[in-house]
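The analysis underlying the following values was restricted to heavy atoms, covering all of them including side chains, and did not include hydrogens, waters or symmetry mates. Letters A, B, ... are given to chains in the order of the sequence lines, protein chains preceding strands, and every chain is numbered from 1.
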4 protein chains.
Amino acid sequence: MDQEKLSEESRSKRDAILAAARTLFVKKGYEETTIADIAREANIAVGTVYLYFRSKRDVYTGVAVNIEDMIAASFLDPQLLSLPFTQIPRALVDGIFRVSREHMNLISFLQTDMQSSEEMLQHKDSNERITAILADIFQRAIERGELAPFHTEMYSQLLCLLGDNVMYQCFAVENGEREALYHDYFVEMVERLFFGPSLREGQDRSSADS
Amino acid sequence: MDQEKLSEESRSKRDAILAAARTLFVKKGYEETTIADIAREANIAVGTVYLYFRSKRDVYTGVAVNIEDMIAASFLDPQLLSLPFTQIPRALVDGIFRVSREHMNLISFLQTDMQSSEEMLQHKDSNERITAILADIFQRAIERGELAPFHTEMYSQLLCLLGDNVMYQCFAVENGEREALYHDYFVEMVERLFFGPSLREGQDRSSADS
Amino acid sequence: MDQEKLSEESRSKRDAILAAARTLFVKKGYEETTIADIAREANIAVGTVYLYFRSKRDVYTGVAVNIEDMIAASFLDPQLLSLPFTQIPRALVDGIFRVSREHMNLISFLQTDMQSSEEMLQHKDSNERITAILADIFQRAIERGELAPFHTEMYSQLLCLLGDNVMYQCFAVENGEREALYHDYFVEMVERLFFGPSLREGQDRSSADS
Amino acid sequence: MDQEKLSEESRSKRDAILAAARTLFVKKGYEETTIADIAREANIAVGTVYLYFRSKRDVYTGVAVNIEDMIAASFLDPQLLSLPFTQIPRALVDGIFRVSREHMNLISFLQTDMQSSEEMLQHKDSNERITAILADIFQRAIERGELAPFHTEMYSQLLCLLGDNVMYQCFAVENGEREALYHDYFVEMVERLFFGPSLREGQDRSSADS
DNA sequence: AATGAATGAGGGTTCATTCAT
DNA sequence: TATGAATGAACCCTCATTCAT
């Protein structure tokens with residue numbers, strides 16, 4: 001129990017640093033944030049930061065991975081898997097938008113320039129985790145006969161990349177000002193991809209607004 | 001004429017700086033590249049850089065815009081517009097891949113952290129320019145009756161974002177090792193989007209390769 | 001008895017710290033060795049070091065004195081005093097080389113920068129202790145009529161200094177690669193000093209080796 | 001000439017740094033002296049130090065080598081070579097003492113702990129330069145028949161080491177308080193080495209004082 | 001226009017030391 | 001006694017920027 005408490009405190013201090021860093025990175029950007037800033041915001045000493053992270057860059061990566069995991073978690077909603085596949089694309093998109101809206105400020109962390117190969121691996125892992133979850137959802141649909149077989153992994157990858165970038169554009173670049181628009185057309189595009197009809201043949205949905 | 005020559009020399013020195021900066025930014029990243037490095041690579045003095053750019057960040061912006069323009073240019077291929085629309089999606093994807101492959105190293109640049117809002121605007125501009133070109137292509141197809149009417153701008157936007165990230169993943173993260181795979185499925189996805197059949201109905205296409 | 005045992009444990013822990021420090025100072029140098037390193041090597045906690053030493057510098061001093069005492073001890077070999085003086089110079093040199101060879105790594109320690117005057121005094125003490133032993137040996141020889149009277153203290157001092165530096169050069173700088181050479185010529189020089197003949201007169205001895 | 005002046009200024013700035021560093025190293029010790037201190041003392045900016053030296057340690061080495069060269073220079077006195085050998089040992093010792101006395105504060109630099117191999121090489125070079133000069137002097141004496149042949153290099157080495165350490169002890173440890181004593185007995189010892197008589201046989205010189 | 005030596009503010013990082021447990 | 005997490009002062013070094021030539 002003593003062990004546990006220590007571990008808890010340890011965890012909470014690490015989290016405090018991450019929270020402080022997140023706040024500051026969002027407010028001032030990475031370069032403009034100093035370790036001293038982070039320590040002050042987290043109410044700890046400068047040196048303490050280095051007990052939990054090896055470098056400033058390490059703190060950054062921690063923040064970024066944190067966010068990516070948060071998004072991955074939104075796909076793990078057990079309700080999602082019990083839906084008929086016709087409702088899944090919309091549900092997925094809804095999930096991404098919800099998480100992104102709630103953490104709008106953090107979205108810019110989805111686009112990191114990854115200098116070190118170690119960092120790249122961390123991000124790649126995170127990306128693969130999400131991709132795998134998506135692919136699994138598609139695979140189940142195929143097995144249930146709701147979809148024709150296709151290269152689930154690659155489609156998951158592409159959709160994942162698209163999602164990342166749409167969130168970035170919608171929330172980080174445009175501050176969510178056109179969220180509804182992005183949401184609706186993202187849903188439409190994904191649904192069309194899975195269920196058709198194609199843009200050439202379909203006559204109904206796609207006509208109004210600017 | 002003297003004026004002109006001076007201006008020419010001026011232009012060429014500015015370009016030399018941009019070229020040097022591009023090389024170094026790609027090789028070492030922005031933070032790790034110093035003005036001294038750039039000056040050395042461009043065979044000029046440190047001070048001279050400041051005759052053509054106001055700050056290091058200014059040099060960076062110059063380089064970034066340069067690259068994005070290059071990509072935008074690939075869409076302006078006049079041949080593209082004279083193709084029947086059935087061939088256009090593939091041609092577009094081919095164009096993106098070709099430009100990206102040739103400038104593989106520059107791609108990672110498009111994703112570099114844009115903290116300041118000024119830079120974000122620049123990127124937004126660039127993005128909008130490309131998006132507009134795409135939308136125009138789609139609009140023409142609609143006018144020629146090759147496509148049903150749809151929200152061309154938003155679809156262009158989404159496709160554009162997808163393209164950016166696919167290029168980044170394919171060339172910057174994976175070093176182009178699975179280029180063929182990404183290419184084929186990117187084409188397939190876009191074609192399916194425009195021409196169907198949807199994944200639920202189509203039986204044939206999606207079986208080959210690893 | 002409890003007192004005694006505590007004191008023993010105390011002694012052994014202090015020694016453990018000194019041993020750990022010695023190893024690390026030799027391997028990495030004073031500046032590069034941290035208190036944390038020492039604690040780890042000694043299998044104790046950082047704070048414990050401060051129960052036995054007031055500061056890092058204090059640990060250093062402890063280590064240095066330790067080494068010098070070891071060398072001083074080699075001169076106290078009782079057999080040495082019972083030898084006829086003709087054999088004593090060689091025996092002395094042998095002793096120095098033996099101790100130095102065994103603790104090759106520690107020798108470089110004798111030369112570490114002693115900036116503070118307090119440390120200089122400690123060194124002076126240590127030096128004087130060794131010098132006194134040497135002078136005593138010479139004094140006995142004079143009393144036994146084996147040597148003409150001379151300024152024993154100053155000669156001891158000079159020889160002592162020479163010894164220090166020869167050991168440093170031979171073992172610390174050259175890693176003992178030319179030990180035999182240094183040994184032979186050190187013996188020769190000291191014997192020549194005490195027994196002649198001078199370099200101007202002697203014809204034989206100095207011809208062999210590389 | 002412009003070239004020359006620049007080079008001169010460059011030299012003088014480097015020398016200013018060395019002088020400032022020397023002063024401070026002597027006054028406060030290496031560790032306690034900061035680059036900022038040195039820059040202030042030299043009336044330049046911190047960054048400027050790094051235009052002339054790669055690191056703080058590099059400055060230190062510069063100071064040390066400077067001093068060693070100064071001593072080497074004292075051996076190059078052309079008058080020395082024209083003396084009959086009987087007067088050379090005393091002249092050599094006189095030279096060392098004169099230089100050392102003039103730069104008493106710097107003598108402690110003769111004893112550096114040399115961590116990096118690069119530093120060690122620099123010192124080794126310096127040492128070998130001095131040794132070679134000494135050996136050359138002896139060799140000439142042998143050729144002129146003033147000395148019997150002997151291992152000049154090794155004796156030079158040993159004498160050199162002895163000299164270094166005597167200077168260190170006399171001036172750095174004892175602040176020159178017993179300079180006369182050290183001088184006289186150093187001369188006596190060296191002369192006895194070269195010219196005899198040995199301590200066992202000689203009756204004259206070595207009796208008085210404490 | 002071109003130079004490049006000089007600047008100096010600023011930041012990441014280390015690590016000896018402390019103290020609550 | 002023993003611990004080791006926390007502290008925070010201090011320092012080396014970098015490098016964008018300037019300006020006298």
Side-chain angles (χ1 to χ4, degrees), chain A residues 2 5-6 9-10 13-14 31-40 42-59, chain B residues 6-7 9-10 13-14 31-40 42-60, chain C residues 6-7 9-10 13 30-40 42-60, chain D residues 2 5-6 9-10 13-14 31-40 42-59:
Chain A
D2 221 38
K5 208 165 71 186
L6 268 177
E9 263 188 43
S10 200
K13 197 150 280 184
R14 200 190 127 95
E31 293 302 332
E32 299 309 306
T33 301
T34 70
I35 293 289
D37 290 336
I38 295 173
R40 202 177 309 114
N43 281 316
I44 55 167
V46 172
T48 307
V49 175
Y50 287 88
L51 289 179
Y52 297 92
F53 297 90
R54 268 171 313 182
S55 67
K56 186 188 176 187
R57 191 76 200 171
D58 201 27
V59 175
Chain B
L6 268 177
S7 171
E9 263 189 41
S10 204
K13 198 152 278 186
R14 201 189 125 92
E31 290 302 329
E32 300 307 305
T33 300
T34 70
I35 293 289
D37 289 336
I38 296 173
R40 201 177 311 115
N43 282 317
I44 56 169
V46 171
T48 308
V49 174
Y50 286 86
L51 292 177
Y52 296 93
F53 298 91
R54 267 174 315 175
S55 69
K56 185 187 175 187
R57 203 69 203 178
D58 205 25
V59 176
Y60 172 84
Chain C
L6 268 178
S7 171
E9 263 189 41
S10 206
K13 198 151 277 185
Y30 176 77
E31 290 302 330
E32 300 306 306
T33 300
T34 69
I35 293 289
D37 289 337
I38 295 173
R40 202 178 310 114
N43 280 318
I44 55 168
V46 171
T48 307
V49 174
Y50 286 86
L51 292 177
Y52 296 92
F53 297 90
R54 266 173 316 176
S55 69
K56 185 187 175 187
R57 203 70 203 180
D58 204 26
V59 176
Y60 173 84
Chain D
D2 221 38
K5 209 166 69 187
L6 267 177
E9 265 189 41
S10 201
K13 197 149 280 183
R14 200 190 125 93
E31 293 302 332
E32 299 309 306
T33 301
T34 69
I35 293 290
D37 290 336
I38 295 173
R40 202 177 310 114
N43 281 317
I44 55 168
V46 171
T48 308
V49 174
Y50 289 88
L51 289 179
Y52 296 92
F53 298 91
R54 267 171 314 181
S55 67
K56 185 186 175 187
R57 192 77 201 171
D58 202 26
V59 176

Next on the checklist: By nearest atom, which of the nucleotides dA6(E), dA2(F), dT3(F) is closest to the K13(D) side chain?
Outcome noted: dA6(E)
Item to check | Heavy-atom closest pair, residues A36(A) and V46(A) | outcome: CA-CG2, 4.2 Å
Next on the checklist: Can you list everything that forms a side chain to side chain donor-acceptor pair (under 3.5 Å) with S55(C)? Sequence neighbours excluded, please.
Outcome noted: none
Checklist entry - What's the shortest heavy-atom distance between R14(A) and Y52(A), and which atoms? => result NH1-O, 3.9 Å
Checklist entry - Roughly how far, to the nearest 0.5 Å, is the CG atom of L51(C) from the CD1 atom of I44(C)? => result 8.5 Å
Checklist outcome for this item: Residue pair L51(A)/V49(C) against DNA chain F: nearer the 5' end by closest nucleotide is V49(C)
Checklist entry - Between atom CZ in F53(D) and atom P in dT14(F), what is the gap in whole Å? => result 15 Å
Checklist entry - Are I35(C) and Y50(C) close enough, and set up right, to give a side chain to side chain contact (heavy atoms under 4.5 Å, CB included), and what steps lead you there? => result CA-CA 9 Å; I35(C) 293 289; Y50(C) 286 86; 3.7 Å; yes
Checklist entry - Could you state the OH-C1' distance from Y60(B) to dA16(F), rounded to the nearest angstrom? => result 18 Å
Item to check | Spacing of CZ belonging to R57(D) relative to CD belonging to E31(C), to within rounding of 0.5 Å | outcome: 8.5 Å
Checklist entry - CZ/F53(D) to OG1/T48(D) distance, rounded to the nearest 0.5 angstrom? => result 12.0 Å
Checklist entry - How close or far is atom P of dA16(F) from atom CZ of R40(B), stated in whole angstroms? => result 12 Å
Next on the checklist: Can you measure R14(A) atom CZ to dA6(F) atom P for me and round it to whole angstrom units?
Outcome noted: 14 Å
Checklist entry - For Y52(B) and dA16(F), what is the distance between atoms OH and C1' respectively, to the nearest whole Å? => result 19 Å
Checklist entry - Quick one: stems for DNA chain E, with Watson-Crick or G-U pairs under 3.5 Å, at least three in a row? => result E:2-21 with F:2-21
Checklist entry - Within the distance-only criterion (no hydrogens, no angle test), does the side chain of D58(A) pair as donor or acceptor with the backbone N or O of R54(A) below 3.5 angstrom? => result yes
Item to check | Base-contact (B) and sugar-phosphate-only (S) positions in nucleotides 12-21 of chain E, heavy-atom cut-off under 4.0 Å, - elsewhere | outcome: SBBSSBB---
Checklist entry - Between N43(C) and N43(A), who's closer to the 5' end of DNA chain F by nearest nucleotide? => result N43(C)
Checklist entry - Atom CD1 of I44(B) and atom C1' of dA1(E): how far apart are they, to the nearest Å? => result 12 Å
Checklist entry - Any side-chain heavy atom of V59(D) sitting closer than 4.5 Å to one from K56(D)? => result no
